[in-house]
Amino acid sequence: MISGLGDGPLACMQRGKQVPYAEVGTRKKTFAEVQTERLNQAERTVLIKCPSKLNQKKLLQYLASHGNIKSHFFFENRGISALVEFSEKSSIASLQDAVGIPSASEHHVVPFKSRLFTFTLKNPVSQHVEDTPLHLSPQCHIPVKDLIEKLCLADSISTQMYILLNEYQLTEENIKLRFLACSLVRDFARAYFPDSTVKPFGSSVNTFGKLGSDVDMFLDFCDTGKHATKMKKGPFEMEYQMKRLPSERLATQRILSVIGDCLDNFGPGCVNVQKILNARCPLVKFSHQPTGFQCDLSVSNSIATRSSELLYIYGCLDSRVRALVFTVRCWARVHGLTNSAPGTWITNFSLTMMVMFFLQRRSPPIIPTLDQLKELADEKDKHIIGGYDCSFVSDLRKIKPTKNTETLDVLLGEFFEYFGNFDFRKNSLNLRKGKEVNKPESSPLYIWNPFEQDLNISKNVNQPQLEKFIAMARESAWILQKEDKTQQMINKEPWGLAALLIPFGKNNSSKMKNRMKGIGSETIRSLLDSLKLNNASSQQKAVGK
């Protein structure tokens, strides 16, 4: 483990479940290497809708006749589906040649041959169905109520936090499914733009994705640009004739409009397609029924990709980083501090950046600042995007391990203490420098965009929402400090992190009200005592005169 901690992700917590990011100390691959591997993997993959009574062995035998199967898994989404990855891309072409076209007796079909198939049994009654139940890979995390029960069985808050991480993080199977969704959309995009690719960004790739979260993807033309640059070498110049438009924004809007129509009219399983072209970042929203994902498609977003890579690096440096982020985000959702819909509340991205800033502020720091990562960058890491310096090291091996050995128990309590007493009226959070700096403008919460330094990523947050966050942070710090773990375990009451994941006031409401009163009355009492002292002092001075 890079952190050198004894309370890292334990095998006993993993319970046989694949944990793609937990053993972070062994991860040395760059962000780009991982993305390339995943995209290539997706191109060799098919998705098959299966009958309810499935003979798994016969299905796999049939598919194996078209080529070696590298991996496969089954999951439930509007019935049983199977994701099958072949060793060679040519196996898919072989399978496609053998697959029939649906009957058009009731509806006319759009003749687009994708990598989505339906597997049926010609004589289901006569075919023997396996007695062995099918193992289904979970594609969503367990309910909070069930999570709390698991947490109560742990032996420390650190262990509780790793259990939460293990239950909520993306599984290997879910990551494969996300890249496949992008690859299937890419098949449509290439009908218009043969050199384009569709890549996921954000939580799907930055190591902080939660099971059940949306898939953010973008249509990328970077490879096309590189190809054009290469062709300009030589004594003459030759270039493609292309449509010219007055702005990049207009080009983006037109591209997304066409791709959106294409998905809506011809995309198998693409439903509820919405073209939101006048937003600050134009996008197409749609539901991809075969994979079960809600998807947002935009066009080349280089800075968003750099943000994803930065978080990927932070998530890989130390196991405590992801455990703390997942814990804080789950806590925030339970208490209504975050919401999946846009609004005035803190976003998951802002909350993640608050955790990163807090970890930069530890003594010694647990993760480096962005400026420190920039100092380690070499020539291939230099990126200037839209005039902004987005350079930082990509090779994880160049980053020195932290000497900080604080446990997650300590870090969680300190996080709530730190932000429960942060001077938000005066200070902002700057992750480039890892310092509190004076706010450049009066937004209640000001978190500098790590790359676009003139932007506040938390500008949407209003004062009531910030005050609610502060109040919840203080209450949580109080719970972690005051409650007796041993007594609560004897009484079979939720303790530690489990106690923080119960909405304050809903469980043991009278106790919660008294505690809130207690906090208020302590503050009032100290003010009254202060006033008494001042009053007594002034009276003594008056008598003295």
Side-chain angles (χ1 to χ4, degrees), residues 201-203 206 208 216 247-249 276 278-283 298 301-311 314 325 328-329 332 335-362 365 367-374 383-392 415-474:
F201 70 96
S203 63
N206 65 18
F208 296 97
D216 294 312
S247 71
E248 183 182 5
R249 180 177 174 82
I276 307 172
N278 292 320
R280 189 176 74 85
C281 179
L283 58 93
S298 53
N301 194 336
S302 301
I303 287 182
T305 305
R306 296 300 284 166
S307 294
S308 300
E309 182 171 358
L310 177 64
L311 286 176
Y314 283 147
V325 168
V328 170
R329 293 204 320 201
H335 296 292
L337 298 171
T338 56
N339 196 300
S340 54
T344 57
W345 32 75
I346 299 173
T347 63
N348 272 332
F349 182 62
S350 293
L351 205 56
T352 301
M353 289 304 186
M354 291 174 81
V355 175
M356 298 304 157
F357 183 77
F358 165 75
L359 295 174
Q360 289 175 341
R361 300 285 297 162
R362 302 311 294 161
I367 58 172
T369 66
L370 182 51
D371 280 348
Q372 288 168 339
L373 292 178
K374 181 185 169 184
H383 291 271
I384 306 297
I385 304 169
Y388 297 104
D389 191 348
C390 302
S391 306
F392 56 84
F415 174 86
F416 292 130
E417 282 277 343
Y418 181 76
F419 284 112
N421 295 290
F422 191 89
D423 189 355
F424 289 103
R425 291 170 299 177
K426 177 184 173 186
N427 293 329
S428 62
L429 285 62
N430 189 321
L431 280 91
R432 285 202 80 94
K433 303 183 184 303
K435 291 180 180 177
E436 300 172 15
V437 296
N438 288 335
K439 282 201 292 189
E441 47 103 337
S442 60
S443 294
L445 175 61
Y446 198 104
I447 305 172
W448 297 70
N449 186 304
F451 302 113
E452 299 172 272
Q453 284 278 279
D454 50 349
L455 294 180
N456 171 16
I457 65 172
S458 52
K459 194 174 179 66
N460 63 301
V461 181
N462 65 14
Q463 192 62 37
Q465 288 297 322
L466 178 60
E467 287 173 2
K468 183 180 178 183
F469 170 81
I470 295 168
M472 293 295 177
R474 288 177 178 175

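Computed from heavy atoms alone, side chains included, the values below leave out hydrogens, waters and symmetry copies.
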Between K426 and E436, does a salt bridge (Lys or Arg N to Asp or Glu O under 4.0 Å) hold up when you go through it step by step? CA-CA 9 Å; K426 177 184 173 186; E436 300 172 15; over 6 Å; no
CA sep, side-chain torsions, deciding dist, call: T369, K374, side-chain contact (heavy atoms from CB on, under 4.5 Å): CA-CA 9 Å; T369 66; K374 181 185 169 184; over 6 Å; no
V461 and S350: side-chain contact (heavy atoms from CB on, under 4.5 Å), yes or no, with the steps? CA-CA 10 Å; V461 181; S350 293; 5.5 Å; no
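Under the 3.5 Å distance criterion, the side-chain polar atoms of S203 are left unmatched by any main-chain donor or acceptor of F208. The main-chain N or O of N278 is found under 3.5 Å from a side-chain atom of R249 such that the two form a donor-acceptor pair. Although no hydrogens or angles enter the test, the distance criterion places no donor-acceptor pair under 3.5 Å between the side chain of T338 and the main chain of I346. No donor-acceptor pair under 3.5 Å is formed between the side chain of S443 and the backbone N or O of Y446. A donor-acceptor pair is defined here as one N or O able to donate and one able to accept, closer than 3.5 Å; no such pair exists between the side chain of R432 and the backbone of F451. Of the possible polar contacts, one joining the N460 side chain to the G343 backbone as a donor-acceptor pair under 3.5 Å is found. Between the side chain of Y314 and the backbone N or O of P368, at least one donor-acceptor pair lies under 3.5 Å. Without hydrogens or angle criteria, S458 side chain to I447 main chain gives a donor-acceptor distance under 3.5 Å.
Distance check: S302 OG to F201 CZ gives 11.0 Å after rounding to the nearest 0.5 Å. Rounding to the nearest 0.5 angstrom, the gap separating the CG atom in L283 from the CG atom in D216 is 9.0 Å. Put simply, CD on E452 and CD1 on I303 are 3.5 Å apart, with the number rounded to the nearest 0.5 Å. If you take CG on N438 and CG on N427, they are separated by 6.0 Å, rounding to the nearest 0.5 Å. N339 CG to N348 CG: the interatomic distance, rounded to the nearest 0.5 Å, is 10.0 Å. In this structure, OH on Y388 lies 9.5 Å from CD on Q453, to the nearest 0.5 angstrom.
For N206 against S308, the heavy-atom pair with the smallest separation is CB-O, 3.4 Å. Across every non-hydrogen atom of S391 and D389, the tightest pair is OG-OD1, 2.8 Å. Between F392 and L310, the shortest heavy-atom contact is CZ-N, 3.7 Å. Across every non-hydrogen atom of F349 and I457, the tightest pair is CE2-CD1, 3.7 Å. In terms of heavy atoms, F422 sits closest to S428 at CZ-O, 4.3 Å. The two residues M353 and P450 come nearest to each other via the heavy atoms CE-CG, 3.8 Å.
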Identify each donor-acceptor pair in which a side-chain atom of residues 463-471 lies under 3.5 Å from a protein atom, sequence neighbours left out, and give them as a table.
residue : atom : partner : partner atom : Å
Q463    : NE2  : E467    : OE2          : 3.3
K468    : NZ   : H335    : O            : 3.4
K468    : NZ   : G336    : O            : 3.4

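None of Q372, Q360, R362 except one satisfies the side-chain contact (heavy atoms from CB on, under 4.5 Å) rule with I367; the exception is Q360.
In this structure, F419 and F358 have tilted ring planes: the angle between them lies in the 30° to 60° band.
Ring centroid separation for the pair F415 and Y418 does not come in under the 6.0 Å cut-off.
Evaluation of the salt bridge (charged side-chain N to carboxylate O under 4.0 Å, His left out) rule for K439 yields no partner, not counting sequence neighbours.
Within 6.0 Å of CD on E441 lie more than 12 heavy atoms contributed by other residues, nucleotides or ligands.
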